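What follows is a single structure, written as C-alpha cells, with notes after it.
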Amino acid sequence: MADNGNAKGGSGAYTINLENFSKRLKKKANLIGTLKKAANEAVGADIVLHVKTKNGDSSDLMDDIVQAARSQSKSDKPVVGHIAKEVPEGKLLETWTEKLSGSGLRLVDVTNGFSELFSVKDTTEITCVKKAAYLTSSVLKNFVVPKLEKVIDEEKKVSHSSLMDDTEKAILDPLKVKVQLKPDNVDICYPPVFQSGVAIVQMLLGHILLMLPLQSKAYETLLKAHEAAVEQVRPGNQMSAVYQAAVAVIERDAPELLPKLTKSAGTGIGLEFRESGLNLNAKNDRRIKQGMVFNVSLGLHNVQAETISEKTKQFSLLLADTVLVNERGHEILTAPCSKAVKDVAYSFNEDDDDDAEVKIESKTIDVLPTKATLRSDNQEMSKEELRRQHQAELARQKNEETARRLAGGGSGSGEGRGPARASNELVAYKNVNDVPFVRDLVIQVDQKNEAVLLPIYGSMVPFHVSTVKSVTSHQDNRTCTIRIFFNVPGMLFSNDSKLNSQGAIYLKEITFRSKDPRHSSEVVQQIKTLRRQVASRESERAERATLVTQEKLQIGNNRMKMMKLSDVWIRPAFGGHGRKLTGNLEAHFNGFRYSTSRSDERVDIMYGNIKHAFFQPAEKEMITLLHFHLHNHIMVGNKKTKDVQFYVEVMDVVQTLGGSRRSALDPDEIEEEQRERDRKSRINMDFQNFVNKVNDHWSQPQFKGLDLEFDVPLRELGFHGVPYKASAFIIPASTCLVELIETPFLVVSLSEIEIVNLERVGFGTKNFDMAIVFKDFKKDVLRIDSIPSASLDAIKEWLDTTDLKYYESRLNLNWRPILKTIIDDPQKFIDDGGWEFLNMEASDSETDDTEESDQGYVPSDAEPESESEDDDSDSESLVESDDDDDDESVEDSEEEKGKTWEELEREASNADHENSAELDSEEERRRRNAKTFSKSRAPDRSSFKGAPPSKKPKFR
C-alpha cells in the first residue's frame with residue numbers, strides 16, 4: 001500500500017490507496033482508476049500513482065520514479081517509453097523532461113503503441129461517439145438546412161462567421177435541435193466549417209450541398225466512390241483497401257476525375273481526432289479491428305465545369321461519414337442525414353427544360369421559389385459597371401477638390417511643430433567657491449551638480465557631464481588608461497547651437513593613466529550612468545516642451561464614478577523596472593482618468609483631445625480593448641504617444657498537469673473551456689456596458705461639437721497585410737482603417753485619405769500592395785504590403801462604398817518624387833488632369849491623338865508637341881522599369897551602326913577633352929595628359945563618362 005502518494009512495494013507490483021486523495025484530485029484519480037483496471041486486465045501491469053504536493057516541485061517524486069525504473073530492470077540501461085512529439089508545457093513537465101533526459105535511461109517512442117491502444121473503443125466510448133454523431137445529424141437536419149433555405153429564399157447576405165457561430169451555439173445547446181442531452185456534457189472538436197462560392201455550401205460531418213445541375217454527375221460519381229469506400233470498412237481488411245475501392249469506382253465511371261480525388265479516404269479517431277497512423281490512404285497496410293471508429297471523408301477538388309460563367313467554372317465536393325466497425329461489419333453513425341442527390345440538391349435554373357427540373361427535384365423538401373435565382377453574368381457585369389461609373393464620378397470630384405486645395409496655397413494641413421526650445425548654457429558651478437574640495441588629485445564625479453572633476457596641471461577642472469561625448473577605458477598589465485572625448489563644434493552629430501562661445505578654446509580629448517584599475521572602472525561607470533540619466537531627462541523635457549497644454553480634468557460626481565472599468569492594462573505601459581500593475585479607467589465630466597495603485601502612474605485623456613474612439617470585443621483575439629486615437633500627443637509615463645489603449649486579457653494562462661494530451665471529453669477540460677467562454681462573455685459585457693454609458697454621456701449638448709462615439713471595427717471586412725514589419729489583420733471601421741492588436745498600432749482616418757493605389761495587381765499574383773496617399777502631400781505614403789489577392793474584390797467594394805477613389809497598377813510606384821513634383825508645381829498637376837495619370841484603363845483606351853503620351857519614351861529625333869508629353873514620359877520613369885533604357889539602347893545602336901570600338905573610344909575621349917576645356921585650367925590639362933602618357937598601357941579612366949576624378953585636384 002502507499003499512503004499520501006509515497007509508493008512502496010515489491011516484486012514489480014505497485015498500488016495506491018485512492019481514499020487518501022484530497023478532494024481536489026479525487027475526480028481525476030477516479031478517471032485514472034479506469035485505466036488501472038484496464039491495464040491490469042489487459043497485460044497484468046499495475047499502475048503506481050505519485051501525488052504531487054501543493055507547493056512542492058515534485059523533484060523527489062521524480063527521483064523515486066527513475067530509481068524504481070532502474071531497480072525493476074535487469075539491464076544496466078533500462079528502456080523507458082515516452083511520447084516523442086509531445087512538447088512539455090509548464091514547469092512540472094519541463095522539470096520531468098530534464099530529469100528523464102539526464103537519467104541515463106534509454107528512451108523509446110511509444111506513440112504508435114498508444115495510437116493502437118486508443119483506436120479500439122470500449123462500450124462507454126462507443127456510446128459517446130453515437131451520441132455525438134446523432135447530435136451532429138440533428139443539428140444539420142433541424143437547424144442548418146432550414147436556416148440556409150430561409151437565407152436563400154429571402155435573398156439575404158449572411159457571412160460564414162455568423163453561420164459558424166449560430167451552428168456552434170446550436171451544438172452547445174442540444175435542446176434547440178430536439179436532442180435530450182445536457183449542455184454541460186457537450187463540447188465540439190472543431191468549429192463547424194462552411195464554404196461557399198462556386199454555388200456550393202458544405203459542412204463537414206454533415207452532407208448538405210447547394211448544387212447546380214452541371215455538378216450532379218460529379219456528385220453521383222463521388223457518392224458511389226464514397227459508398228464503396230465505406231463498404232470496405234470491415235474487421236480484418238487493410239486500411240489501404242478503403243481508398244483503393246474508391247479509386248476503382250472513379251476509374252470505372254469517370255476516369256477524368258481521378259486527378260481531382262483526395263489523396264486519402266479519411267482517418268481513424270483514436271486519442272487524436274485525426275490519427276496519423278490510422279490514415280485511410282493507399283499505403284497503409286494496418287488491419288481494421290472491431291471497435292475502431294473512422295471518419296470516412298472523400299472529396300473532389302477544383303473540378304472544371306463546362307460553363308462560360310467564372311463563378312461556376314470551378315467547384316469542389318466533399319462527403320464525410322462517421323463509421324463504427326462492429327461484428328457485423330460496420331455501422332454508419334451519421335446515416336440519418338441522407339446523401340442522395342434528390343435529398344440534398346436544389347435547382348435554381350429558370351430554363352424551360354422540365355426534364356432537368358424533375359431529375360433533381362427533392363421529395364422531402366419542396367423546390368425553392370424561382371425568385372431565389374442565381375445572379376446572371378449580365379447582373380454581375382452591371383454591378384461592376386455601376387462601380388466603375390461611381391469611381392469615375394469620384395475621380396472627377398477628387399480632382400476638383402485637390403485643385404481647390406492646392407490653389408488655396410497648401411498641400412494639406414500637416415502637423416506643424418513649433419521651434420525647439422533653446423537650451424540653457426551648461427553650467428556645473430556658478431563660481432569657483434562652489435567647486436568641492438578634494439584632497440587627492442583623482443577623477444571625481446559630482447552626482448549632485450552633474451559634473452566631472454578632472455585633475456589638469458595640479459588643479460581640479462569641472463566639466464558638465466553633457467559636454468562629455470563618450471568615455472572608454474583600457475587596462476594593460478599594470479596600468480589602466482581612461483580616454484574622455486568631448487563635444488566640440490564641427491564634429492559629426494554635434495549640436496553647434498549649444499557651443500556658441502566665440503573665441504573659446506575647446507578640449508576635444510583627454511587621456512589619464514591610473515595604477516588603480518578598480519577606481520578607474522568605477523569612474524567610467526559613474527560617468528556613463530550620469531550621462532545616460534541626464535540625456536534621458538533632457539529628452540523627456542524636450543518631448544514635453546512640444547506638448548499642447550490640455551484643460552484640467554473635472555472630477556465627476558457620484559453618478560459619474562459609476563462609469564468605471566476595473567483591472568485593465570494600458571498600452572503603452574508605464575516605464576520603470578518594477579512589477580507592472582493593472583489600474584482603473586474612470587470616465588469623468590470632461591475626460592478619462594487611468595490610475596494604478598502607484599501615485600506616479602496616472603494618465604488623463606480629455607474628451608476634446610480624442611479624435612477616434614474604438615471598442616473591439618474579443619472574438620478571435622485574446623484581448624478586449626478600448627482604443628483612443630488623439631489629436632495631440634500626451635505623455636504616458638516618459639513616452640510621447642497619440643494612441644492609448646486599455647485592455648483586458650480574456651484567457652487565463654493554463655498549466656497542463658497531465659503527461660499526455662487531454663481528451664476533449666475530459667470533464668475538467670470541458671469545465672475549463674466553459675469557464676473561459678464565460679469569462680470572455682463577462683468581460684465583453686463589462687466593456688459594452690461601459691461604452692454604452694460613455695456614449696450616453698457624450699450625447700449631451702456640450703459634447704455634440706466633438707462628434708464622439710465609440711466605433712466598432714467590422715471584422716467581416718478585414719484582411720491580412722503588412723503595414724509595418726509583421727503581418728497583421730487589418731479591419732475597416734466606419735471612419736477609419738485600424739489594426740489595434742499588434743504594436744505599433746495602425747489608425748488611418750478615412751477623411752485624411754486622398755486616393756488609394758492598388759499596386760502589383762495582375763493575373764497570377766498571389767499578393768498585392770495598397771498605397772494610401774494622404775491629403776497632406778508632405779506626409780509619407782502609407783504602404784500595406786502582401787495583401788492576399790483573394791481580398792481584392794472585397795477591398796474594392798469597401799473603398800467604393802466609403803467614397804474613396806482607388807486606382808490599380810501593375811508595378812510599385814516611387815511616391816516621394818511624385819508628391820514632390822506635385823508640391824513644386826501644383827498648377828501643372830491640375831492642368832495635366834490630376835490623378836488621372838494613374839488611370840491605366842483610360843490610358844489604354846485613348847484615341848490616336850493621345851497615343852504618343854502613352855509611349856514609354858520619345859524618339860530623340862522627334863520634337864515633342866507639348867510640354868505635357870515630356871512630363872508624362874518623365875513621370876513614367878518613376879516606375880521601376882528597364883523598358884526605357886532598352887528602347888534608348890536600340891536607338892543608339894541604330895545611330896552608331898558600323899562604328900568600331902576604336903572610333904567610339906576616340907569620340908568619347910574628344911568629347912571629354914572639349915567639356916573639360918571650359919572648366920579646367922591649362923595646368924590641370926597638362927598634368928592630366930602627362931599622367932595619361934606615363935601610364936599609356938593602363939586604360940584611361942578619364943576618357944569615360946561618370947569616372948571618379950583623380951586624387952590630385954582635391955589638394956587644390
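Note that the structure is a prediction, hence the values are computed from the model and not measured. All residue numbers refer to positions in the sequence shown, counting from 1.
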Can you tell me if [X] and [Y] form a side-chain donor-acceptor pair at under 3.5 Å?
{"X": "N767", "Y": "S786", "result": "no"}
{"X": "S751", "Y": "S749", "result": "no"}
{"X": "Y807", "Y": "E836", "result": "yes"}
{"X": "W835", "Y": "E754", "result": "yes"}
{"X": "E393", "Y": "Q389", "result": "no"}
{"X": "H390", "Y": "D800", "result": "yes"}

Which pair of non-hydrogen atoms, one from [X] and one from [Y], has the smallest distance, and what is that distance?
{"X": "N399", "Y": "G834", "value": "OD1-CA, 3.6 Å"}
{"X": "I787", "Y": "M770", "value": "CD1-CB, 3.8 Å"}
{"X": "E808", "Y": "V761", "value": "OE1-CG1, 3.4 Å"}

Does a side-chain heavy-atom distance below 4.5 Å link [X] with [Y]?
{"X": "L838", "Y": "L813", "result": "yes"}
{"X": "V781", "Y": "F774", "result": "no"}
{"X": "L819", "Y": "D780", "result": "no"}
{"X": "K778", "Y": "I823", "result": "yes"}
{"X": "T624", "Y": "Y647", "result": "no"}
{"X": "K640", "Y": "I634", "result": "no"}
{"X": "L746", "Y": "L782", "result": "yes"}

From L804 CG over to I755 CD1, what is the distance, rounded to the nearest 0.5 angstrom?
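Going from the CG atom of L804 to the CD1 atom of I755 covers 10.5 Å.
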Give the C-alpha distance, both sets of side-chain angles, the deciding distance and a yes or no for side chain to side chain contact (heavy atoms under 4.5 Å, CB included) between Q391 and K805.
CA-CA 6 Å; Q391 284 293 308; K805 175 58 184 173; 3.2 Å; yes
Could you tell me whether a side-chain N or O of [X] sits under 3.5 Å from a main-chain N or O of [Y], the two making a donor and an acceptor?
{"X": "Q645", "Y": "L740", "answer": "yes"}
{"X": "K639", "Y": "P572", "answer": "no"}
{"X": "N302", "Y": "S316", "answer": "no"}
{"X": "S789", "Y": "K766", "answer": "yes"}
{"X": "K260", "Y": "L300", "answer": "no"}

So F687 and F615, would you call those rings parallel, tilted or perpendicular, with 30° and 60° as cut-offs?
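F687 vs F615 ring planes: parallel.
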On the ring face of F646, is R571 found with NZ or CZ under 6.0 Å from the centre and within 45° of the axis?
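No, R571 and F646 do not form such a contact.
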May I have the list of side-chain donor-acceptor pairs in residues 719-735 shorter than 3.5 Å, sequence neighbours left out?
{"residue": "Y724", "atom": "OH", "partner": "F745", "partner atom": "O", "Å": "3.2"}
{"residue": "S734", "atom": "OG", "partner": "D711", "partner atom": "OD1", "Å": "3.2"}
{"residue": "S734", "atom": "OG", "partner": "D711", "partner atom": "OD2", "Å": "2.7"}

Holding to salt bridge (charged side-chain N to carboxylate O under 4.0 Å, His left out), I want the full list of residues that pass it with E716, two or more places apart in sequence or in another chain.
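Residues passing salt bridge (charged side-chain N to carboxylate O under 4.0 Å, His left out) with E716: none at all.
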When you look at L630 and K611, which way does the side chain to side chain contact (heavy atoms under 4.5 Å, CB included) test go after all the steps?
CA-CA 5 Å; L630 309 179; K611 188 175 183 179; 5.8 Å; no
Tell me whether D824 at atom CG has more than 12 heavy atoms from other residues, nucleotides or ligands lying less than 6.0 Å away.
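Count over threshold, so yes.
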Determine whether more than 12 heavy atoms belonging to other residues, nucleotides or ligands lie under 6.0 Å from atom NZ of K820.
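Open.
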